[in-house]
Structure formats: C-alpha cells, structure tokens
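Down below is the structure, laid out as structure tokens.
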Amino acid sequence: MPVRPAALATAAGAALLLLAAPVATAAPHDARLVAESVTVDPTGRVAADGSITLTGTYRCTGGTGPVYVSSTVSQSDPSVRHGVGGTRAVCDGLEHRWVNTGTPDTVVLKPGAAHVEATLMELRPMGIVPLPSFHARQAQDVTLTAA
C-alpha cells in the first residue's frame, strides 16, 4: 500500500517540530515541592542526670490533626527502644528544626554508639478517637556525647 506524500510530509513535519521543541527541565528548587521528611542529626547528647537530647529537621504539609516529631533511641540491644520526648510540628511545607529531650525510665544510656529513629506522626481525627497517621520516618546510627 503506497504512502501518500501529504501524510508523509505531515508526519515528517510533526517529527521536526518535536525535535525543535525545548527540552523540559526540572523546576528550580521549591520548598513546597519537596516531600515530607524527617532527619536525625548524627550526634546526640547525654547529660549528667541521664537525660538524652536528640535533634534533626522535619518538613511537612498541612494535616487535619496535630502533628508531632517523636524519637526513640537504642544502645546495647537494638530491639529495645526508649522514647525520648516529642515536639509539636508546624506543617507549613518549610524545613524546621526539632529537639527532643527525655530520660529513659529503665536504662541509663552512656556516651557512644546508639541508634535513633525519628517519626513525623499526625493524630488524625477519626470518629471519637484520633488515629496515628505517619508522614515520615528516619532511622540512623548516631553518636551520643557527654553534655
């Protein structure tokens, strides 16, 4: 079956237009386009009274309930994690710092290697009881230093 010259010319013209079109590039960095995230700083502090201070950053967008950055730390046994405070998050799409301080109930942590997990969690209203909705999570090995 012969190809009609007009159809061939139309297809060739369309191909040339596509080749001449500018290449789409990534948009410049815009904080509102970055996914929700939480980070953990590589160093935490142990005070003389046994309290632990952990820090990092977070970014989140609006939610329907209150949002918090929680953190846990483990040291000798990775399956046993100890809660270290919580910080109320501001979910405006911008990056913010978080600082959690707490004293584990059943163990004294010492300066040295540890493992920290930070979670960005919303308490979303669902009927009578608010249910947790997780926005981001980061686990990282850190070094605890004497404060």
Side-chain angles (χ1 to χ4, degrees), residues 7-8 10-147:
L8 185 58
T10 302
L16 285 173
L17 284 174
L18 288 174
L19 290 174
V23 176
T25 59
H29 177 69
D30 185 344
R32 293 168 298 174
L33 300 177
V34 175
E36 295 183 322
S37 63
V38 63
T39 68
V40 176
D41 290 339
T43 304
R45 293 188 316 267
V46 180
D49 67 358
S51 64
I52 306 294
T53 300
L54 303 171
T55 58
T57 63
Y58 71 89
R59 179 186 315 262
C60 57
T61 56
T64 57
V67 179
Y68 297 91
V69 179
S70 63
S71 56
T72 62
V73 62
S74 61
Q75 200 164 45
S76 58
D77 182 355
S79 67
V80 178
R81 293 184 275 181
H82 307 280
V84 179
T87 300
R88 180 82 185 253
V90 176
C91 290
D92 57 7
L94 301 176
E95 185 174 271
H96 297 276
R97 297 279 308 153
W98 62 268
V99 177
N100 288 350
T101 300
T103 305
D105 292 332
T106 59
V107 68
V108 175
L109 297 173
K110 299 183 181 344
H115 188 77
V116 171
E117 184 175 308
T119 305
L120 189 59
M121 190 240 353
E122 176 182 357
L123 291 175
R124 190 168 287 167
M126 298 292 241
I128 297 173
V129 179
L131 297 177
S133 175
F134 297 95
H135 290 245
R137 177 185 142 321
Q138 173 69 39
Q140 179 172 320
D141 290 331
V142 302
T143 301
L144 298 178
T145 60

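All values derive from a computational prediction rather than experimental measurement.
- Counting only heavy atoms from C-beta outward, the side chains of Thr145 and Pro111 never approach each other to under 4.5 Å.
- Inter-residue side-chain proximity for Arg97 and Thr55 is flagged as met; some heavy-atom pair is nearer than 4.5 Å.
- A donor-acceptor contact shorter than 3.5 Å links the side chain of Glu36 to the backbone of Thr61.
- At a threshold of 4.5 Å between non-hydrogen side-chain atoms, the residues Val142 and Pro42 do not count as touching.
- Within the 4.5 Å cutoff, the side chain of Arg45 has no heavy atoms near those of the Ile52 side chain.
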Just do the side chain to side chain contact (heavy atoms under 4.5 Å, CB included) check on Val84 and Thr101 with the steps written out, would you?
-> CA-CA 6 Å; Val84 179; Thr101 300; 5.6 Å; no
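- Under 4.0 Å is where a charged nitrogen must lie from a carboxylate oxygen, and between Glu95 and Arg59 at least one such pair does.
- When atom types are taken as modelled, the side chain of Glu122 and the backbone of Val67 share no donor-acceptor pair closer than 3.5 angstrom.
- Between Met121 and Pro132, the closest heavy-atom pair is SD-CB, 3.3 Å.
- A donor-acceptor distance shorter than 3.5 angstrom exists from the side chain of Asp77 to the backbone of Ser79, with no hydrogens or angles considered.
- A heavy-atom distance below 4.5 Å is not found between the side chains of Leu131 and Arg124.
- Here the side chains of Tyr68 and Thr87 are not in contact, with every heavy-atom distance at 4.5 Å or above.
- Atom CZ of Phe134 sits about 6.5 Å away from atom OG1 of Thr119, to the nearest 0.5 Å.
- Between the CG atom of Leu94 and the SG atom of Cys60 there is a distance of 10.0 Å, given to the nearest 0.5 Å.
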Intermediate values then yes/no, side chain to side chain contact (heavy atoms under 4.5 Å, CB included), Leu54 and Leu144 | CA-CA 9 Å; Leu54 303 171; Leu144 298 178; 4.2 Å; yes
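- Ser74 has its side chain out of reach of His82: every pair of non-hydrogen atoms, C-beta onward, lies at least 4.5 Å apart.
- Defined by atom type and a distance below 3.5 Å, a donor-acceptor pair is missing between the side-chain atoms of Thr143 and Thr43.
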Mind running side chain to side chain contact (heavy atoms under 4.5 Å, CB included) on Asp105 and Thr103 for me, showing each step along the way?
-> CA-CA 6 Å; Asp105 292 332; Thr103 305; over 6 Å; no
Verify side chain to side chain contact (heavy atoms under 4.5 Å, CB included) between Gln140 and Val116, making sure each step is shown before the conclusion.
-> CA-CA 5 Å; Gln140 179 172 320; Val116 171; 5.7 Å; no
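- Although no hydrogens or angles enter the test, the distance criterion places no donor-acceptor pair under 3.5 Å between the side chain of Tyr58 and the main chain of Ala118.
- Contact of the His135 side chain with the Val69 side chain is not registered, since no non-hydrogen atoms from C-beta on lie closer than 4.5 Å.
- Separation of atoms CG (Leu120) and OG (Ser71) is listed at 12.0 Å; rounding is to 0.5 Å.
- Glu117 places no side-chain N or O within 3.5 Å of a backbone atom of Gln138 that could act as its donor or acceptor partner.
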